[in-house]
Amino acid sequence: MPMIQDILTSSLRGALVGLGVEPVPERIPVERSNRPELGDWSSSVALAAAKASGRKPRDLADELAAKLRVDPPAYVSEITVAGPGFLNFKLHDRWLHDVLTEVVEKGVEGYARHDIGHGERVNVEFVSANPTGPLHVGAGRWAVYGDALCRILERCGHAIHREYYLNDRGVQMGLLAASVAAARAGQPTPEDGYQGQYIADWAAEMADDADPAVWAPQRALADIEAALGSLGVEFETWFSEKSMIASGAIDAALADLRASGLVYEKDGATWLRTTDLGLPKDEVLLKTGGEPTYLLGDIAYHRDKFTRGFTRLIDIWGADHHGHVDRLKAGVQALGHDPAELEIVLGQLVTIVKDGQVVRMGRRSGTFVELAEVVDEVGPDVARLTFLLQSIDTRQTFDLDAVVSKSMDNPVFYVQYAHARIASISRVAAEKNVPRYPLEMVDLSGLDHPRELDLLRSLGELPEVVADACRTRAPHKVATWVRELAGRFHGFYHDCYVMGEGVSHEQTQARLWLVESTRIGLAIGLDLLGVSAPDSM
RNA sequence: GCCCCUGUAGCUCAGCGGAUAGAGCGGCUGCCUUCUAAGCAGCGGGUCGCAGGUUCGAGUCCUGCCGGGGGCGCCA
């Protein structure tokens with residue numbers, strides 16, 4: 001919560017009480033004005049509270065304004081009423097200069113850091129693609145989103161554990177082994193098997209005495225790990241589904257479920273009575289023949305996460321797993337947990353376009369573009385920001401040709417260029433032996449150019465942007481903010497020289513600190529996205 | 001049929017219930033004798049899918065319809 005907002009909110013509350021308005025609204029809206037010519041901040045309380053006060057909105061606004069003018073809140077230079085009854089506050093530029101000071105004093109480490117999570121231990125599971133082949137480009141979205149979300153959660157006071165669930169057991173594993181074995185033997189791909197080029201490559205790579213059932217998943221895992229590593233995404237834990245059979249975790253979960261009284265046998269299979277938990281039908285836990293279903297494994301896995309001490313679990317899944325959400329939540333509930341402790345983020349799928357054509361992704365059909373190829377070609381920064389600029393709730397069109405060939409006007413470079421320009425200013429200042437005074441010795445009051453003030457306005461918003469991105473699980477809000485800050489810096493850079501002819505000593509000193517605060521803002525934003533901040537380009 | 005996401009400029013997308021809806025790309029036009037032109041500025045471009053409703057106020061919330069994507073397996 002920014003200081004200004006608190007100041008204005010409490011002043012307005014006081015004024016409302018003073019006018020005898022009953023009841024005073026619980027929430028007093030105070031927001032940044034999007035009409036800079038009218039004011040820096042505004043409030044619409046008068047519109048909301050008009051009825052309760054028995055006045056017309058405009059009249060209430062006028063009275064509030066008159067009352068506040070008697071003893072104006074800190075920073076406020078002018079209070080006006082406009083439109084249907086908006087209160088507009090003009091502030092001394094000093095409020096923005098104080099933003100600069102705060103940014104510099106708190107620095108990259110401390111600015112825009114929150115304690116929303118109070119150190120809560122949160123397990124974030126993402127990607128978790130089956131180890132049946134290389135990752136395709138679309139998986140990059142989950143990797144990058146998940147990692148950025150973790151970074152944001154960390155900055156907001158959560159203890160984060162990144163985890164990848166490895167479905168190294170079950171029907172698909174058998175199909176992978178059979179597909180590789182068949183390719184090795186020069187036989188046709190088995191029914192429902194995998195037939196990408198990589199199957200042939202791997203078959204050729206495999207040693208004669210290797211067991212495909214063991215070797216192939218390991219090969220796939222190595223490939224997946226490498227692709228994610230090249231994107232800069234790393235996990236604390238790679239959790240094996242298969243390991244839960246030997247460890248007894250599956251049996252333990254099943255025993256707990258039985259204890260809930262919701263388990264029964266039918267048609268040779270073992271079922272969970274999920275209809276008792278609000279689902280349209282019951283679910284199978286053990287298939288005919290005793291093999292655990294994916295659902296049982298996943299319930300056991302989530303049970304394990306809870307037993308490891310995490311109090312909140314966040315799973316990031318593609319929308320194609322939507323059907324599994326209620327089942328898993330029901331399973332967690334059957335184990336006695338509040339389903340709210342398990343939060344599932346569903347991301348919309350990525351459509352890949354190549355040569356103007358939609359590429360249908362499917363490992364079994366073998367027509368897919370590998371994530372590793374794309375990262376090799378454009379680099380992790382481009383790949384990351386491309387994924388992160390868009391809300392996870394909208395289907396993303398990833399145009400390979402645009403991302404690759406026109407990489408020069410990718411937003412990444414626009415943002416990084418701002419950072420490089422800042423570094424360049426520092427270099428030149430050093431070369432020219434421009435003295436640099438400590439912030440407390442510098443007069444910031446000369447920072448009054450619209451470009452300078454815009455820059456500070458953006459910087460002032462960062463704490464809220466980070467908190468909002470955290471609460472709404474929306475890293476793209478940080479991405480769009482970074483782009484805006486970079487844009488404002490380029491405008492400043494063009495119009496306001498930091499040193500040189502026609503720039504006074506005082507101006508140089510103030511602007512050097514302005515530039516430094518911008519660097520801090522860019523560094524924080526880019527770090528939250530996992531994008532590098534280069535000193536030269 | 002039911003469930004989730006979505007429909008905003010030619011294209012790709014932003015837009016906490018607030019005032020005159022924004023950015024990038026593409027098109028046209030200007031700006032390099034000072035810190036990096038991977039930049040800046042200007043012009044053009046919109047019935048925010050449609051219809052109701054709630055509200056002082058709706059691109060934003062609710063309902064219905066239409067279009068797009070995904071889901072509803074003893075697959076994962």
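Every chain is numbered from 1 and lettered A, B, ... according to where its sequence line falls, protein lines coming before strand lines.
- Where A:Gly83 and A:Leu295 each meet RNA chain B at their nearest nucleotide, the meeting point lying more 5' is that of A:Gly83.
- Contact between A:Val498 and A:Ile425 at its shortest, heavy atoms only, is CG2-CD1, 4.0 Å.
- Taking atom CD of A:Gln396 as the reference point, atom P of B:C11 lies 18 Å away to the nearest angstrom.
- Between A:Glu241 atom CD and B:A76 atom C1' the separation is 8 Å, expressed in whole Å.
- The salt bridge (charged side-chain N to carboxylate O under 4.0 Å, His left out) check on A:Arg303 picks up A:Asp256, with sequence neighbours excluded.
- For B:U47 and B:G7, the C1' atoms lie 15 Å apart once the distance is rounded to whole Å.
- RNA chain B is contacted by A:Gln390, A:Ser391 of residues 383-391 of chain A, taking any non-hydrogen atom closer than 4.0 Å.
- Remark: the separation of the P atoms in B:G46 and B:A21 is 13 Å, to the nearest Å.
- For the pair A:Arg488 and B:G39, the criterion of a side-chain N or O lying under 4.0 Å from OP1 or OP2 is not met.
- Using a 4.0 Å heavy-atom distance criterion, A:Asn167 is classed as a sugar-phosphate-only contact.
- Using a 4.5 Å heavy-atom threshold, the side chains of A:Arg169 and A:Glu241 count as touching.
- Here, B:G59 and B:A38 have their P atoms 41 Å apart, quoted to the whole Å.
- Checking A:Ile425 against A:Tyr414, the closest nucleotide of RNA chain B that is more toward the 5' end is the one next to A:Ile425.
- The CD atom of A:Glu484 sits 12 Å away from the P atom of B:G15 (whole-angstrom rounding).
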Can you pull every protein N or O that's under 3.5 Å from an N or O on nucleotides 53-61 of chain B?
{"residue": "B:C56", "atom": "OP1", "partner": "A:Lys51", "partner atom": "NZ", "Å": "2.6"}

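- Rounded to the nearest Å, the gap between the C1' atom of B:C48 and that of B:A58 is 11 Å.
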For a side-chain contact (heavy atoms from CB on, under 4.5 Å) check, start with the C-alpha distance between A:Thr351 and A:Arg395, then their side-chain angles and the critical distance, and finish with the verdict. CA-CA 7 Å; A:Thr351 302; A:Arg395 186 161 46 108; 3.7 Å; yes
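- Going from the P atom of B:C50 to that of B:A9 covers 11 Å, rounded to whole Å.
- Among the atoms of the strands shown, only primed sugar atoms or phosphate atoms (P, OP1, OP2) are found under 4.0 Å from some heavy atom of A:Val428.
- Note on residues 506-522 of chain A: pairs passing salt bridge (Lys or Arg N to Asp or Glu O under 4.0 Å), not counting sequence neighbours, are A:Glu452-A:Arg511, A:Glu516-A:Arg519.
- Annotation: side chain of A:Leu522 is in contact with side chain of A:Val415 (closest heavy-atom distance under 4.5 Å).
- Using a 4.0 Å heavy-atom criterion, one finds that A:Asp399 contacts no nucleic acid atom at all.
- Within the 4.5 Å cutoff, the side chain of A:Glu125 has no heavy atoms near those of the A:Tyr164 side chain.
- In the displayed structure, A:Glu265 atom CD is contacted under 6.0 Å by more than 12 heavy atoms of other residues, nucleotides or ligands.
- By the side-chain hydrogen bond (donor to acceptor under 3.5 Å, both in side chains) test, A:Lys90 is found to be paired with no residue, residues two or more places apart in sequence or in another chain being considered.
- Put simply, A:Thr351 has no side-chain N or O that comes within less than 4.0 Å of OP1 or OP2 on B:G70.
- A:Leu462 has its side chain within reach of A:Val466: a pair of non-hydrogen atoms, C-beta onward, lies under 4.5 Å apart.
- Residue pairs satisfying the side-chain hydrogen bond (donor to acceptor under 3.5 Å, both in side chains) criterion with at least one member in residues 273-285 of chain A, sequence neighbours excluded, are listed as follows: A:Tyr264-A:Asp282, A:Thr275-A:Asp282, A:Lys281-A:Glu283.
- Between the P atom of B:G18 and the CZ atom of A:Phe86 lies a distance of 9 Å, rounded to the nearest Å.
- Within the structure, salt bridge (Lys or Arg N to Asp or Glu O under 4.0 Å) contacts touching residues 37-46 of chain A (residues at least two apart or in different chains) are A:Arg35-A:Glu37, A:Asp40-A:Arg457.
- Comparing atom distances between the A:Thr397 side chain and each of B:C13, B:A76, B:A37 picks out B:C13 as nearest.
- Looking at the side chain of A:Glu31, the nearest of the listed nucleotides B:C16, B:A38, B:C13 is B:C16.
- A:Arg436 and A:Gln509 share no side-chain donor-acceptor pair at under 3.5 Å.
- Annotation: B:U12 and B:C16 have their C1' atoms spaced 24 Å apart (nearest Å).
- A straight line from CG of A:Asp468 to C1' of B:A14 spans 13 Å, rounded to a whole angstrom.
- As judged by a 4.0 angstrom heavy-atom cut-off over every strand, A:Ile422 is placed among residues making no nucleic acid contact.
- Judged as a ring-ring contact (aromatic ring centres under 6.0 Å, His included), and not counting sequence neighbours, the contacts of A:Phe126 are A:Phe235.
- Contact annotation for A:Asp168: no contact, since no heavy-atom pair falls under 4.0 Å across all strands.
- Inter-residue side-chain proximity for A:Leu257 and A:Leu296 is flagged as met; some heavy-atom pair is nearer than 4.5 Å.
- Under the side-chain hydrogen bond (donor to acceptor under 3.5 Å, both in side chains) criterion, the residue pairs touching residues 42-57 of chain A are A:Arg55-A:Glu63, with sequence neighbours excluded.
- Nucleotides B:C11 and B:C2, compared at atom P, are 31 Å apart to the nearest Å.
- Proximity of A:Tyr497 to the phosphate of B:U33: no side-chain N or O atom is located under 4.0 Å from OP1 or OP2.
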Please enumerate all protein N or O atoms sitting under 3.5 Å from an N or O of nucleotides 72-74 of chain B, with distances to 0.1 Å.
{"residue": "B:G73", "atom": "OP2", "partner": "A:Lys281", "partner atom": "NZ", "Å": "3.4"}
{"residue": "B:C74", "atom": "O2", "partner": "A:Thr288", "partner atom": "N", "Å": "2.8"}
{"residue": "B:C74", "atom": "O2", "partner": "A:Thr288", "partner atom": "OG1", "Å": "3.4"}
{"residue": "B:C74", "atom": "N3", "partner": "A:Thr288", "partner atom": "OG1", "Å": "2.7"}

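- Residues meeting the salt bridge (charged side-chain N to carboxylate O under 4.0 Å, His left out) test with A:Arg473, sequence neighbours left out: A:Glu343.
- Closest contact between the side chain of A:Arg395 and the listed nucleotides B:C13, B:C35, B:G69 involves B:G69.
- Residue A:Glu37 is classed as a base contact, given a heavy-atom separation below 4.0 Å to a base.
- In B:C32 the base sits syn relative to the sugar, since the glycosidic angle is no further than 90° from 0.
- RNA chain B contains the following stems of three or more consecutive Watson-Crick or G-U pairs, with both distances under 3.5 Å: B:1-7 with B:66-72, B:10-13 with B:22-25, B:27-31 with B:39-43, B:49-53 with B:61-65.
- If you take atom P in B:C5 and the same atom in B:G15, they sit 15 Å apart, rounded to whole Å.
- In this structure, A:Asp381 places its CG atom 18 Å from P of B:A38, rounding to the nearest Å.
- Across all strands, A:Ser426 comes closer than 4.0 Å to no nucleic acid atom at all (heavy-atom distances).
- Side-chain nitrogen and oxygen atoms of A:Arg421 include at least one within less than 4.0 Å of the OP1 or OP2 phosphate oxygen of B:A37.
- Contact check, A:Thr394 against B:A14: a side-chain N or O comes under 4.0 Å of OP1 or OP2.
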